[in-house]
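So that the names make sense, note that chain A is the first sequence line, chain B the second, and so on, each numbered from 1.
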Number of protein chains: 2
Amino acid sequence: MSENEKLTEEIIFEAATVVFEEDGLSGARMQNIADRAGINKALLHYYFRTKDHLFEAVFTKLAQKMFMKFTPIFEKNLSLEDKIRFFFREHITFMQQNPKLPGFIINEINHNPQRIKKLLRNVDFRKLWTTIIEQHSEELYKYNITEETLPQIMTTIVSLSVFPFAAKGIIEVAFDNFGIDFDKYTEERKTFAAEFVIKAITK
Amino acid sequence: MSENEKLTEEIIFEAATVVFEEDGLSGARMQNIADRAGINKALLHYYFRTKDHLFEAVFTKLAQKMFMKFTPIFEKNLSLEDKIRFFFREHITFMQQNPKLPGFIINEINHNPQRIKKLLRNVDFRKLWTTIIEQHSEELYKYNITEETLPQIMTTIVSLSVFPFAAKGIIEVAFDNFGIDFDKYTEERKTFAAEFVIKAITK
DNA sequence: TTTTGGTTTAACCAATTGATTTAACTAATA
DNA sequence: TATTAGTTAAATCAATTGGTTAAACCAAAA
């Protein structure tokens, strides 16, 4: 029954997502995934053949989910400053809902970089620069943005957004001693990071 | 012979450092460590009893090495701006020499947060704030720094410095398409990040 | 009702892996 | 030289783990 199959496959996929996100590729156990899915371990291999196949499926889905969130900013008709505010608001909100995702993706790519070569073909600084010029030619004189500094600026923006979640384990412990709530911190960070960047790039 | 013992133990420790940094706790193999150390696998257990003991020793050493780098900034007699410049210069230089360290530490802590509870007892925002007031009371009026925003500012500074190395795998691949050299990028980042932060916090 | 195709499970397998055991080795000491 | 205490390695173990097999199950079709 294809209805049922879709269901079982999804159940496995979701269980695998949780386990892989939690333990990583090398730390995850097929039995653990089977238990969480409430099925026999052999079914995992019936639907996904091997652990690597299953991981590949989960990783690709999650990596897409992650990197998709970077693109739609330039589809909006907003001022440059509002685009920055929009990005931090949306992106941090997304990570609040998927707090383990950044650390998982970063770690797995560090262990196997070619895993995302295909996905990152979209990252195009030249195209990004022309897009910025097209959309913000009139207001660009107000900011310290050049094609040369674009990689620095872009990685800076991503750093401010992603790092707190990628290093959640450390930050939570560090905050714990002072009663700083991580969720409150990330909520405030949406505006703090945006205004911080705007202030920094304004001439 | 205690001389020889110290040597063997160090050889094991260094081999374990390389392997754990590369593969993580769950991905590392005792046989791999033994091979790299050029000794029999049983010797690992003779000197460190278990894999967890060995990992604990390596991790503690590396974590200290990492977090030590945050403290000595306030021992220098510098202006606030020069302290920021000093931090990024020193810290990024350190990570250029240990590029895998940030990703390793972050990942292992995410998998087991209580592992650094002891080490992070030093992190004290209240004390940091009083130190800043003590050392920079006259020039503080020039900057947008308050006790409330200190956690945001500190995590921002750390983000800008650490993230490029923690996410080295992603960034290298993303840069690869445009002939941007990662080492050149990190070298430029020492000054870019410093001036970025100074600009952002200046009233 | 029987057949048939896909689905699920229990049992099992082979390889890996952390760990132990036992014996060989080595150098200082008596 | 014989002894002894510590060091190293070969062989082995027991548990884990990814993967396979064969049979049971189940619903739709004939």
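Among residue pairs with one or both ends in residues 12-21 of chain B, none qualify as side chain to side chain donor-acceptor pair (under 3.5 Å); sequence neighbours excluded. Residues in residues 65-76 of chain B take part in no salt bridge (Lys or Arg N to Asp or Glu O under 4.0 Å) pair, two or more places apart or across chains.
Atom CZ in A/Phe48 sits about 16 Å away from atom P in D/dG18, given to the nearest Å. Nucleotide C/dG18 holds its C1' atom 13 Å from the CZ atom of B/Arg49, rounded to whole Å. The NZ-P distance, from A/Lys51 to D/dT20, rounds to 15 Å in whole Å. Across the protein-nucleic acid pair, A/Leu44 atom CG and D/dG19 atom P stand 10 Å apart, rounded to whole Å. Rounded to whole angstrom, the span from the CG atom of B/Leu7 across to the C1' atom of D/dT8 amounts to 14 Å. A straight line from NE2 of B/His45 to C1' of C/dA19 spans 5 Å, rounded to a whole angstrom. Separating the CG atom of A/Asp23 from the P atom of D/dT17 is a distance of 11 Å, rounded to the nearest angstrom.
Distances shown here put a side-chain N or O of B/Thr8 below 4.0 Å from the OP1 or OP2 atom of D/dT8.
For the residue pair A/Glu56 / A/His53, no side-chain donor-acceptor distance below 3.5 Å is found, with atom types taken as modelled. Using a 3.5 Å distance cut-off with no hydrogens or angles, the side chains of A/Glu9 and A/Tyr46 do not pair a donor with an acceptor. In the model, A/Thr202 has no side-chain atom that pairs as donor or acceptor with a side-chain atom of A/Lys142 under 3.5 Å. With hydrogens and angles left out, the side-chain atoms of B/Arg189 and A/Thr156 include a donor and acceptor closer than 3.5 Å.
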Provide a list of protein-nucleic acid N or O atom pairs under 3.5 angstrom, restricted to nucleotides 9-11 of chain C.
{"from": "C/dT9", "atom 1": "OP2", "to": "A/Asn40", "atom 2": "N", "distance (Å)": "2.9"}
{"from": "C/dA10", "atom 1": "OP2", "to": "A/Asn40", "atom 2": "ND2", "distance (Å)": "3.4"}
{"from": "C/dA10", "atom 1": "N7", "to": "A/Asn40", "atom 2": "ND2", "distance (Å)": "3.2"}

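Contacts between residues 25-37 of chain B and DNA chain D, counted as heavy-atom distances below 4.0 Å, involve no residue at all. For the segment residues 52-62 of chain B, the set of residues with a heavy atom within less than 4.0 Å of an atom of DNA chain C is empty.
Not a single donor-acceptor pair under 3.5 Å links the side chain of B/Thr60 to the backbone N or O of B/Ala57. With hydrogens and angles ignored, the 3.5 Å screen pairs a side-chain donor or acceptor of A/Asn110 with a backbone N or O of B/Ala166.
Taking the ring centre of A/Phe59 as origin, the terminal cationic atom of A/Arg115 falls inside the region bounded by 6.0 Å and 45° from the ring axis.
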Less than 3.5 Å apart, which donor and acceptor atoms pair up between the side chains of residues 24-31 of chain B and the rest of the protein, not counting sequence neighbours?
{"from": "B/Ser26", "atom 1": "OG", "to": "A/Ser26", "atom 2": "OG", "distance (Å)": "2.7"}
{"from": "B/Arg29", "atom 1": "NH1", "to": "B/Ser26", "atom 2": "O", "distance (Å)": "3.2"}
{"from": "B/Gln31", "atom 1": "NE2", "to": "B/Asp35", "atom 2": "OD1", "distance (Å)": "2.9"}

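Between B/Glu195 and B/Lys199 there is no salt bridge, since none of the side-chain N atoms of the basic residue sits less than 4.0 Å from a carboxylate O of the acidic one.
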